[in-house]
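Pasting a structure below so you can have a look.
The basis for the numbers below is simple: all heavy atoms, side chains too, and nothing from hydrogens, waters or symmetry mates.
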Amino acid sequence: MAKPRIGITANQFLTEGGILAGTKRQYVSDAYIRAILCAGGVPIVLPVIADQGTITEQADMVDGLLLSGGGDIQPQLFGEEPVCQLGRVLPERDRHELALVKTAVTAAKPILGICRGCQVLNIALGGSIYQHLSPEETNLQHDQQSPGYYAGHTVMLEEGSKLASLWGTVVMTNSFHHQAIKMAAPGLSITARTKDGIVEAVEHDTASFIVGVQWHPELMLDSQSTMLDLFTTFVKAANRK
Ligand SMILES: [Mn+2]
């Protein structure tokens with residue numbers, strides 16, 4: 001049987017220095033590719049593009065969509081003006097991913113959102129996020145200074161959720177975010193929180209597999225091998241019919 005094809009959304013950057021300075025590039029972190037390979041899928045990088053017809057083709061050619069991590073999201077997309085602590089935004093990437101999510105949801109493709117991808121998923125379906133977690137929201141360190149394999153904070157999972165079926169109701173995770181989900185979108189349930197109440201995962205109420213996690217499981221495969229279970233469940237759900 002053919003392996004499921006998993007589209008991984010690309011990030012963008014401008015090359016600094018050298019003769020190619022200023023050249024726009026698109027990329028994904030190798031850890032996502034490795035996680036999808038380990039889970040039995042075929043990773044395919046989906047570059048940021050603007051044309052909706054071509055975005056629909058991108059969604060059609062994959063069996064599942066992995067929304068990768070990255071920078072901050074343009075606040076106008078959830079009806080706000082930027083706060084002082086907002087980082088750099090990439091509006092082309094935001095538009096691309098929101099369109100991809102809507103297209104993939106309509107086509108009933110499984111989706112896994114990671115970190116920024118969890119927030120993108122929520123905004124695409126009509127939810128909102130905190131532009132910046134201030135001390136009023138939390139005193140926990142959600143932007144850890146330690147390496148990605150290190151699980152810095154405790155996450156409590158909702159009993160009966162997909163994630164709890166993988167790991168039970170408590171899991172240790174890394175944390176590399178200063179934004180977080182505020183209002184969950186219609187159709188998405190909050191299935192994980194840290195002890196300060198910050199949302200760490202959402203799951204779709206009816207779709208076979210639409211899950212967003214606020215941490216980076218792909219960076220923990222060596223330190224906590226059970227994190228691979230999330231990717232194998234996702235790839236299994238994306239199995240070609
Ligand atoms: Mn966190």
- Message: Let's go through I49 and I55 carefully: what are the C-alpha distance in whole Å and the side-chain angles of both, what is the deciding distance for side-chain contact (heavy atoms from CB on, under 4.5 Å) to 0.1 Å, and is it a yes or a no?
- Response: CA-CA 7 Å; I49 54 169; I55 293 173; 3.8 Å; yes
* Asked: In Å, rounded to the nearest 0.5 Å, how long is the span from CE of M220 to CG of L230?
  ->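 Going from the CE atom of M220 to the CG atom of L230 covers 11.5 Å.
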Q.
As an exercise, state the distance from OG of S208 to CD1 of I111, rounded to the nearest 0.5 Å.
A.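 These two atoms lie 10.0 Å from each other.
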* For S29 and A31, indicate whether the former's side chain and the latter's backbone hold a donor-acceptor pair under 3.5 Å. =>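 The answer is no, because no donor-acceptor pair under 3.5 Å joins these two groups.
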Is there a continuous path of hydrophobic side-chain contacts, each under 4.5 Å between heavy atoms, that joins V202 to I198?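 V202 does not cluster with I198.
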*Under a 4.5 Å side-chain heavy-atom rule over Ile, Leu, Val, Met, Phe, Trp and Tyr, are L66 and V105 clustered together?*
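No, because L66 and V105 fall into different hydrophobic clusters, even though each may have its own neighbours under 4.5 Å.
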Checklist entry - Is any side-chain heavy atom of D63 closer than 4.5 Å to a side-chain heavy atom of N239? => result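 No - every pair of side-chain heavy atoms lies 4.5 Å or more apart.
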Practice task
Report yes if some heavy atom in the side chain of K3 is under 4.5 Å from a heavy atom in the side chain of V235; otherwise report no.
Solution key: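 Contact flag for K3/V235 side chains = no.
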Hey, does the side chain of Q26 reach the backbone of V48 with a donor-acceptor pair shorter than 3.5 angstrom?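 Yes, the answer is positive, given that a donor and an acceptor are paired below the 3.5 Å cut-off.
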Could you point out which residue of R93, E92, H96 forms a side-chain hydrogen bond (donor to acceptor under 3.5 Å, both in side chains) with Q12?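 By the side-chain hydrogen bond (donor to acceptor under 3.5 Å, both in side chains) criterion, Q12 pairs with just one of R93, E92, H96: E92.
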Single-linkage hydrophobic cluster L166~V155, side-chain heavy atoms < 4.5 angstrom: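 Yes: a chain of side-chain contacts under 4.5 Å links L166 to V155.
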- Any side-chain heavy atom of V171 within less than 4.5 Å of one from M227?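 Result yes, sub-4.5 Å side-chain heavy-atom pair found.
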* To do: Check whether any side-chain heavy atom of F78 lies under 4.5 Å from a side-chain heavy atom of I123, and answer yes or no.
  =>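 With C-beta onward as the side chain, the pair touches.
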query = Does some side-chain heavy atom of R193 sit less than 4.5 Å from a side-chain heavy atom of E158?
reply =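 Sidechains of R193 and E158: no contact.
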**OP:** Show the numbers, then the answer: is there a side-chain contact (heavy atoms from CB on, under 4.5 Å) between L133 and D143?
**Re:** CA-CA 10 Å; L133 291 175; D143 51 347; over 6 Å; no
Item checked: Test item: Q74 side-chain N/O and Q76 main-chain N/O as donor-acceptor pair under 3.5 Å ->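 Such a contact is absent between Q74 side chain and Q76 backbone.
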| request: Identify the two heavy atoms, one from A201 and one from L163, that lie closest to each other, and give their separation to 0.1 Å. | output: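 Closest approach of A201 to L163, heavy atoms only: CB-CD1, 3.3 Å.
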*Nearest atoms (heavy-atom pairs only) where C118 meets G212*: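 Taking C118 first and G212 second, the nearest heavy atoms are SG-C, 3.5 Å.
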For residues D60 and K109, report the shortest heavy-atom separation together with the two atoms involved.
->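 Result for this residue pair: O-NZ, 3.4 Å.
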Quiz prompt | Closest approach of I8 to P43 (non-hydrogen atoms, all atoms of both residues) | solution =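 So the two residues come closest at CD1-CB, 3.9 Å.
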Can you name the one residue among Q85, H132, Q131 that meets side-chain hydrogen bond (donor to acceptor under 3.5 Å, both in side chains) with H178?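 Filter result, single survivor: H132.
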**Q.** Sub-4.5 Å side-chain heavy-atom contact between F209 and K236
**A.**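 Counting from C-beta outward, F209 and K236 never come under 4.5 Å.
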Say whether, by atom type as modelled, one donor and one acceptor occur between the side chain of T15 and the main chain of T23 under 3.5 angstrom.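 Yes; judged by distance alone, with no hydrogens or angles, the pair exists.
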inquiry  = In this structure, would M172 and L221 fall into the same cluster of hydrophobic residues linked by side-chain contacts under 4.5 Å?
reply    =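 Each belongs to a different hydrophobic cluster.
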Exercise. Look at the aromatic rings of F13 and Y27 and report parallel, tilted or perpendicular, splitting at 30° and 60°.
Key: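 F13 vs Y27 ring planes: perpendicular.
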| message | Testing the basics here: between P4 and A238, what is the closest heavy-atom pair and its distance to 0.1 Å? | response |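 That closest heavy-atom pairing would be CB-O, 3.5 Å.
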- Spatial distance of atom OG (S68) from atom CD (E97) [nearest 0.5 Å]: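 S68 OG to E97 CD: 5.5 Å, rounded to 0.5 Å.
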Using a strict cut-off of less than 4.0 Å between a Lys/Arg side-chain nitrogen and an Asp/Glu carboxylate oxygen, indicate whether D229 and K162 qualify as a salt bridge.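 Result for this pair is no, no salt bridge flagged.
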Is the W215 ring parallel, tilted or perpendicular to the W167 ring (thresholds 30°, 60°)?
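Plane angle between 30° and 60°, so tilted.
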Check for me, please, whether I114 and I6 land in the same ILVMFWY cluster - side-chain distances under 4.5 Å, paths through other members count.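 I114 and I6: one cluster.
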Minimal non-hydrogen separation, N174 against L219, with atom names
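Closest pair (atom of N174, atom of L219, distance): ND2-CB, 3.9 Å.
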Using the side chain to side chain contact (heavy atoms under 4.5 Å, CB included) definition, which of the options T9, I73, L67, N11 pairs with R116?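 So the option named by the test is I73.
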query = In Å and rounded to the nearest 0.5 Å, what is the OH to CE distance from Y130 to M183?
reply =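 Nearest 0.5 Å value for the OH-CE distance: 9.5 Å.
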Inter-residue atom distance D205.CG - T191.OG1, 0.5 Å rounding: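 Interatomic distance, D205 CG to T191 OG1, rounded to 0.5 Å: 10.0 Å.
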- prompt: Parallel under 30°, tilted from 30 to 60°, perpendicular over 60°: which one fits the rings of Y32 and H216?
  reply: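 Answer is tilted, since the angle falls between 30° and 60°.
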T103 OG1 to Q58 CD distance, which is reported to the nearest 0.5 Å:
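T103 atom OG1 to Q58 atom CD measures 9.5 Å (nearest 0.5 Å).
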- Just checking, is any N or O donor in the side chain of H153 or E200 under 3.5 Å from an acceptor N or O on the other one?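 There is such a pair (donor and acceptor under 3.5 Å, judged by atom type) between the side chains of H153 and E200.
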### Query
If we ignore angles and hydrogens, is there a donor and acceptor under 3.5 Å between the side chains of T54 and E57?
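Absent: no donor and acceptor within the cut-off.
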- Query: Just by modelled atom types, is the N122 backbone N or O under 3.5 Å from a matching donor or acceptor in the Q119 side chain?
  - Reply: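 Not a single qualifying donor-acceptor pair exists.
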* Would you say Y150 has more than 12 foreign heavy atoms packed within less than 6.0 Å of its OH? ->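 Not buried by this count: 12 neighbours or fewer within 6.0 Å.
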